[in-house]
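Written out below as structure tokens is the structure these notes cover.
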Amino acid sequence: MLRFHNTLSNQLEDFHPLNGNEVKMYICGPTVWNFAHIGNFRSFTFGDILARYLRYKGYRVTHVMNLTDVDDRIINESAKKNISIDEMTAPFITAFWEDMDAIGNLRPDIAPRATEHVAEMIEIIQTLLDNGKAYESDGSIYFRITAFPEYGKLSKIKFEGNKVGGSERIDTDKYEKEDARDFALWKLVDKSDPAGWDAPFGYGRPGWHIECSAMSMKYLGETFDIHAGGIDLQFPHHENEIAQSEGATGKLFAKYWLHGEFLKIDNEKMSKSLGNEFTLRDIIGRGFKPLAIRYLLFSVPYDKQLNFTFENLKGAESTIDRLQDFKKRLQEAHLTDGINTDLQEKVRGFLNDFEEAMDDNLNTSVALASLHNLVREVNTALAHETVLTEDRSEILHIIDKYDSVFGIFGEAKEEILDAEIEKLIEERQEARRNRNFGRSDEIRDLLAEKGIILEDTKDGVRWKRK
RNA sequence: GGCGGCAUAGCCAAGUGGUAAGGCAGAGCUCUGCAAAAGCUUUAUUCAUCGGUUCGAUUCCGAUUGCCGCCUCCA
């Protein structure tokens, strides 16, 4: 039974979709004002693993991830560069999808953009104005918290003991609000400002939270199954989404709320001021394989803080090299005909462990351990020549099942050797047969320079690219 | 000031009221012309500290210390 830690109840809950085996899920995506950093990608990879595992379990998943392409930072940047919002965000949207592909995150089914859904936002705001859960003040529209008694049910923040501005952030809203907690649904802007839209209640631009309410409900319905995102979005973003959405529809907004914990760098918070903020591009630029980054990002359960270090990234790279290598070796091994039911049983047992671990609120650490146990078991069998032809297809099939969720084995591309390299390998074999090891080592070194690593196995010469 | 989370080997990290998964790094052996790869074995009498509950605690409770986060637009 699949269970999730639901932030709403703060408990482990059995997962039951609202409608048969259909799962509607929404993940808070990036603000496309810059290249996304690895903290962002921890969240998106968590969302990807979630969607993949739900599909593994046989659910029909609709995965929506928004692109926030209008906010203060984007508006300020585009104004500074004197370009339009679209011109400002376009290259970062392109870069974002490149990054997602590189790190092996499958594309969401729908990736709506805020600027293309202003009409839907206006509609919700109008509903809230009509039913008294929103009010106008100095031309802007605010949500009236006192009209939504359940406010705080997600984050469980009690407002009595809180310091105003306790986070040392300054409230930039200069307008009068009925209650300090009320938040902007629509901000009045000057008619000359290009970053604005016409609405029945005045020319302006949407508040931050309203876009997610509008887009999630448009594509997934007024009540949907899973809403996920980074822990920092829990308050105020998600709390406000609930207030707006449920305030407008009177229905439950999302049934399960999942929050991904933070990524730390060398045990410290990642932040610009500490100079330890890395984009995915920075790290790939340092020569690390994207799939190693992926492995590291999900090797710790999503709801625990993850400590990112380059030492560990190196370790992750060794690990995925070993896994990819293992698969290749299994594919290429010369096996005897037959079937080893004992081995197959064990391998299926590991997959079962994997499923139990993933069912337990996506415990990826334990799930990965089962894969490593599988590799050790099969490696031993390979050494003892107890893997038979019929076992291989079954084991490869099971590895594919793992990888439909993990996505770390990479593409199984048939790499063709240059004729020249192939000739060198043959020449080396000839030299070895003649025990001319001086020449054979020379060739091995030569190929090593070209990034080709040779391994002499009992099934012949294997090679791989560094 | 209010509230929450976490502290497990060199590093990352899972986990449980009954005696510590997994990965990386390290060591030894097997295999090899030598390598590489792989396999096997090995690396925490101990889970921040101090008390308490218990037949028994790393796991429950309390205190202390340290780290991380939230308290209005940061994944």
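Proteins get letters first, then strands, A, B, ... in listed order; numbering begins at 1 in each. All values derive from a computational prediction rather than experimental measurement.
Salt-bridge formation is detected for the pair A/Asp441/A/Arg444: a Lys NZ or Arg NE/NH1/NH2 atom is positioned less than 4.0 Å from an Asp or Glu carboxylate oxygen. Between A/Lys314 and A/Glu317, no side-chain nitrogen of the basic residue sits less than 4.0 Å from a carboxylate oxygen of the acidic one, so the salt-bridge criterion is not met. Ion pairing between A/Arg3 and A/Asp360 holds under the 4.0 Å rule for side-chain N and carboxylate O.
The same atom, P, is picked in B/A63 and in B/U45; the two are 30 Å apart, to the nearest Å. Across the C1' atoms, B/A44 and B/G26 are found 15 Å apart, a figure rounded to whole Å. Nucleotides B/C24 and B/U64, compared at atom P, are 41 Å apart to the nearest Å. A gap of 28 Å separates the C1' atoms of B/G23 and B/G17, to the nearest Å. With both ends at atom C1', the span from B/C60 to B/U16 equals 12 Å, rounded to whole Å. Separation of the C1' atoms belonging to B/G18 and B/A13 is 24 Å when rounded to the nearest angstrom. Between B/A27 and B/C68, the distance separating the two P atoms is 34 Å to the nearest Å. Rounded to a whole angstrom, the distance from the C1' atom of B/G39 to that of B/U32 is 14 Å.
Pairing of B/G4, defined by two Watson-Crick or G-U wobble distances under 3.5 Å, is identified with B/C68. When both distances must be under 3.5 Å, the Watson-Crick or G-U wobble mate of B/U30 is B/A38. Of the nucleotides present, B/G10 is the one that pairs with B/C24 by Watson-Crick or G-U wobble criteria, both distances under 3.5 Å. Nucleotide B/U19 has no partner under the Watson-Crick or G-U criteria, as no pair reaches both atom distances under 3.5 Å. B/G56 makes up no base pair with any nucleotide shown, lacking Watson-Crick or G-U wobble contacts both under 3.5 Å.
Comparing A/Phe44 and A/Arg329, the nucleotide of RNA chain B nearest to each residue sits closer to the 5' end for A/Arg329. Where A/Asp325 and A/Pro30 each meet RNA chain B at their nearest nucleotide, the meeting point lying more 5' is that of A/Asp325.
Side-chain N/O atoms of A/Asn363 include one lying less than 4.0 angstrom from OP1 or OP2 on B/G15. Applying the 4.0 Å criterion to OP1 and OP2 of B/G69, one finds that A/Lys269 has a side-chain N or O inside that range. Between B/G15 and A/Lys304, a contact under 4.0 Å exists linking OP1 or OP2 to a side-chain N or O. Side-chain N/O atoms of A/Arg322 include one lying less than 4.0 angstrom from OP1 or OP2 on B/C24. For A/Ser318 and B/A25, the shortest distance from a side-chain N or O to OP1 or OP2 is below 4.0 Å.
At a cut-off of 3.5 Å, with distance as the only test, no side-chain donor of A/Tyr219 or A/Asp109 sits close to an acceptor on the other residue. The closest side-chain donor-acceptor pair between A/Glu268 and A/Asn276, if any, does not fall under 3.5 angstrom. In this structure, a donor-acceptor pair under 3.5 Å is absent between the side chains of A/Ser370 and A/Asn373. Between the side chains of A/Arg376 and A/Asn379, no donor-acceptor pair is found at a separation under 3.5 Å. Side-chain N/O atoms of A/Arg348 and A/Gln344 include a donor and acceptor closer than 3.5 Å.
The ring of A/Phe92 has its center closer than 6.0 angstrom to the ring center of A/Phe35.
Residue A/Arg439 is out of contact with every strand shown, counting any heavy-atom pair closer than 4.0 Å. Residue contacts for A/His372: at a heavy-atom cut-off of 4.0 Å it reaches the sugar-phosphate backbone alone, with no base atom in range. Among the heavy atoms of the strands lying under 4.0 Å from A/Gly229 are primed sugar atoms or P, OP1, OP2 only; no base atom is included. Counting any heavy atom pair closer than 4.0 Å across all strands shown, A/Leu263 reaches a base atom. No engagement by A/Ser299 is indicated, since no non-hydrogen atom pair under 4.0 Å with the nucleic acid exists. A/Pro301 comes within contact range of the sugar-phosphate backbone alone, with a heavy-atom separation under 4.0 Å but no base atom that close. A/His259 comes within 4.0 angstrom of nothing in the nucleic acid, heavy atoms only. Residue contacts for A/Glu261: at a heavy-atom cut-off of 4.0 Å it reaches a base atom on one of the strands shown.
The separation between A/Phe298 atom CZ and B/A75 atom C1' is 18 Å, rounded to whole Å. Between A/Asp456 atom CG and B/U32 atom C1' the separation is 8 Å, expressed in whole Å. Taking atom CG of A/Leu306 as the reference point, atom P of B/G23 lies 18 Å away to the nearest angstrom. Atom CG of A/Asn361 is separated from atom P of B/G5 by 15 Å (rounded to the nearest Å). Rounded to whole Å, the distance from CD on A/Glu385 to P on B/A38 is 18 Å. In this structure, CG of A/Asn34 is placed 14 Å from C1' of B/A75, rounded to the nearest angstrom. Look at CG on A/Leu382: it is 18 Å from P on B/C31, rounded to the nearest Å. Taking atom CG of A/Asn379 as the reference point, atom P of B/G39 lies 4 Å away to the nearest angstrom.
Picking from B/G23, B/C34, B/A36 the nucleotide with the shortest atom distance to the side chain of A/Glu455 gives B/A36. Each of B/C68, B/A37, B/G33 was ranked by its minimum atom distance to the side chain of A/Asp441; first place goes to B/G33. The side chain of A/Val300 has B/A14 as its nearest neighbour among B/C34, B/A14, B/C71. Ranking B/G23, B/A25, B/G33 by closeness to the A/Tyr295 side chain, first place goes to B/G23. The side chain of A/Asn312 has B/C12 as its nearest neighbour among B/C12, B/C67, B/A21. Nearest to the side chain of A/Arg73, among B/A38, B/A14, B/C74, sits B/C74. Set against B/C71, B/C24, B/G33, the side chain of A/Thr319 has B/C24 as its closest nucleotide. Set against B/G33, B/C24, B/G22, the side chain of A/Arg376 has B/G22 as its closest nucleotide. The nucleotide whose nearest atom lies closest to any side-chain atom of A/Lys264 is, among B/G10, B/A38, B/C67, B/C67. The listed nucleotides are B/C40, B/A75, B/G69; the one nearest the side chain of A/Gln305 is B/G69.
Contact annotation: side chain of A/Asn267 to base of B/C6, donor-acceptor pair absent below 3.5 Å. No hydrogens or angles were tested; on distance alone, a donor-acceptor pair under 3.5 Å links the side chain of A/Ser43 to the base of B/A75. For A/Arg444 against B/C34, a side-chain-to-base donor-acceptor contact under 3.5 Å is present.
Distance alone, capped at 3.5 Å, places no donor-acceptor pair between the A/Thr45 side chain and the A/Leu297 backbone.
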